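Notes to accompany the following structure.
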Amino acid sequence: MLTVAFVMLAEVLIFVPSIARFRQDYLLLRLEKAQIASLALLTTDEMMTPELEEELLANAQVFNVVLRRDEVRQLVLSSPIPAPIHATYDLRLVGPFGLIRDALLGLADPQNRVIRVIGDPVQQGGSLIEVTMESGPLRKAMLEYGLRVLVLSALISIVTAGMLFLAVRRLLVLPIRRVVRHMTAYAEAPEDARRVIAPTASVRELREAEEALQMMQTQLTTALKQKERLAQLGGAVAKISHDLRNILTVAQLFADRIGDSVDPVVARAAPKLVGSIRRAVSLCESTLTFGRAEEPPPQITRFPLRRLVEEIAEGEQLGEGDISCLIDVAPGMVIRADAEQFHRVLANLIRNARQAIDATGQPGTIEISAGEGEAEWWVRVGDTGPGLPPKAREHLFTAFQGGARKGGSGLGLAISAELIRGHGGRLDLLKSDGEGTEFMIRLPKSAGLAEEA
């Protein structure tokens, strides 16, 4: 329907100048026939009978003919004029817009009027020819011509619309329906890689859409398979953590008894052993809750930060080999956080730094510094390792994707970032290049949701 409407609109724009041209040709034809009739009279010296003159005028469809030759204006053929002359049209002086105006005015006037038409004779048969005629036959011929144009335009519009419909259906509608069918089938079983669409559209835009849909479906299918494997892995880890917690609970009971030993060396080591086992039990419990997409809310307390840092550094045996440890934390600095969760975060960062330096086989340094401002505490952990690879930096805080070393799961940084967010703070990577890596922990001092929990 739109195609028919547009073609008809185009035909209307074409019809206006064409009907003006038709009117001009009609009038020129009347002038030519009138000139031929007048020449037939001028070529003989005999008197023309009224019957013959009437026949010539009827054939030319005019009332009289005036011909100017050799500067002499002569009424060649004449007959009674039924009404006064309504208008005069000089075809020698009118332009395109004048022709269009006169044609539209003639179509709009239903009355049969007498008009005068002036033009140039053909074949240089004089300097001017003038005829009087009726406007009714002219208007009737123009209406018949317009009707023919309208019918022809309608036929062209219908044929064009049909061809365009078939072309649009073949090039657009059918490919779009195919995409819809693929999307519906894929939605029923997104894990089935066989239902991923294969681009076949010949239209560039549709093919780009199919390629984008193919990429999205492929990524989604891969992600769903990965989620399924992660769910299975999470179930296995939960079972292992559950059994390991029971084992560590028994080990904790024996460690408590060791603490009563009279041996001074054992008495000094026992509290550290008990603390390590207790944190291992807590880690198993946290792993179980992480598998359920839950992390316990932080239990906010105040504690000295330097003592916690020194305990972690001693547990990681920093300063005993080729890795030195620099602790720039004020002895009296106290922060407000969950001590166990903050211990896990710092232990993850320091352990990752130590492992990065160990991988180089060269001596290195780990620096832990801390400070506070009016609104927050900050803790910086830096190392002189080789830096993180680009792939690890892209998915640094994504579980199972941000691992930087061979055999690493990439879970430590993801858990650490989640724990810090639970405190209302954030964990950021400040830099990672050939000179080392630096992480920054920021904890807000203001009472927030984490503290209220």
Side-chain angles (χ1 to χ4, degrees), residues 11-12 14-44 46-69 71-153:
E11 290 294 340
V12 168
I14 297 174
F15 172 78
V16 173
S18 65
I19 195 67
R21 180 66 181 178
F22 174 82
R23 175 180 175 276
Q24 183 185 30
D25 292 340
Y26 183 91
L27 295 178
L28 290 175
L29 180 61
R30 300 280 79 75
L31 292 177
E32 183 178 353
K33 287 187 175 182
Q35 181 181 354
I36 293 173
S38 61
L39 290 177
L41 178 62
L42 293 175
T43 54
T44 178
E46 299 180 0
M47 292 296 295
M48 180 173 294
T49 63
E51 292 78 7
L52 180 59
E53 183 176 6
E54 183 179 355
E55 183 179 353
L56 289 175
L57 290 173
N59 182 63
Q61 296 181 359
V62 298
F63 292 116
N64 52 42
V65 180
V66 175
L67 185 64
R68 178 181 294 178
R69 301 180 64 182
E71 301 300 327
V72 178
R73 187 174 183 274
Q74 180 179 2
L75 179 61
V76 181
L77 297 172
S78 64
S79 65
I81 299 177
I85 296 176
H86 175 71
T88 299
Y89 301 101
D90 192 343
L91 300 182
R92 302 171 302 169
L93 305 177
V94 68
F97 293 102
L99 291 173
I100 293 175
R101 179 199 61 212
D102 295 339
L104 295 179
L105 291 176
L107 283 175
D109 187 3
Q111 297 185 16
N112 186 18
R113 302 180 184 276
V114 177
I115 60 175
R116 178 188 289 116
V117 181
I118 302 173
D120 291 323
V122 297
Q123 299 295 328
Q124 298 180 353
S127 58
L128 178 146
I129 186 170
E130 174 186 320
V131 300
T132 54
M133 55 181 289
E134 291 181 322
S135 63
L138 171 61
R139 183 174 181 273
K140 181 180 178 181
M142 292 172 63
L143 290 176
E144 291 176 353
Y145 173 80
L147 182 60
R148 291 195 302 270
V149 171
L150 178 62
V151 173
L152 182 61
S153 301

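Quick caveat, the model's predicted, so the values are computed rather than measured.
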Please name the pair of heavy atoms, one in [X] and one in [Y], separated by the smallest distance, quoted to 0.1 Å.
X: L75; Y: V65; value: CD1-O, 3.5 Å
X: A34; Y: V62; value: CB-CG2, 4.4 Å
X: V114; Y: P82; value: CG2-CG, 4.2 Å
X: G106; Y: R139; value: O-CD, 3.4 Å
X: N64; Y: S78; value: CB-CA, 3.5 Å
X: G146; Y: F15; value: CA-CE1, 3.4 Å

From [X] atom [atom1] to [Y] atom [atom2], the distance as rounded to the nearest 0.5 Å:
X: I115; Y: D109; atom1: CD1; atom2: CG; value: 10.5 Å
X: L28; Y: R21; atom1: CG; atom2: CZ; value: 7.5 Å
X: I129; Y: D120; atom1: CD1; atom2: CG; value: 10.0 Å
X: L57; Y: L77; atom1: CG; atom2: CG; value: 5.0 Å
X: L99; Y: Q24; atom1: CG; atom2: CD; value: 5.0 Å
X: Y145; Y: D25; atom1: OH; atom2: CG; value: 9.0 Å

Check whether any side-chain heavy atom of [X] sits under 4.5 Å from a side-chain heavy atom of [Y], and report yes or no.
X: S135; Y: H86; answer: no
X: L91; Y: V117; answer: yes
X: D102; Y: V94; answer: yes

CD/E144: more than 12 non-hydrogen atoms of other groups inside 6.0 Å: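 Yes.
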E130 and its side-chain contact (heavy atoms from CB on, under 4.5 Å) partner, picked from I118, T88, L31, L67: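 That would be I118; it is the only one of I118, T88, L31, L67 passing the side-chain contact (heavy atoms from CB on, under 4.5 Å) with E130.
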Evaluation steps, side chain to side chain contact (heavy atoms under 4.5 Å, CB included), between V76 and V66: CA-CA 6 Å; V76 181; V66 175; over 6 Å; no
Y89 six-ring face occupied by R23 cation (under 6.0 Å, within 45°):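 Relative to the ring axis of Y89, which defines the angle, R23 lies inside both limits.
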Geometric cation-pi criterion R30 and Y26, 6.0 Å radius, 45° cone: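 Judged by the rule, R30 and Y26 form a cation-pi pair.
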Ion pair check, R113 and E134, cut-off under 4.0 Å: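 No.
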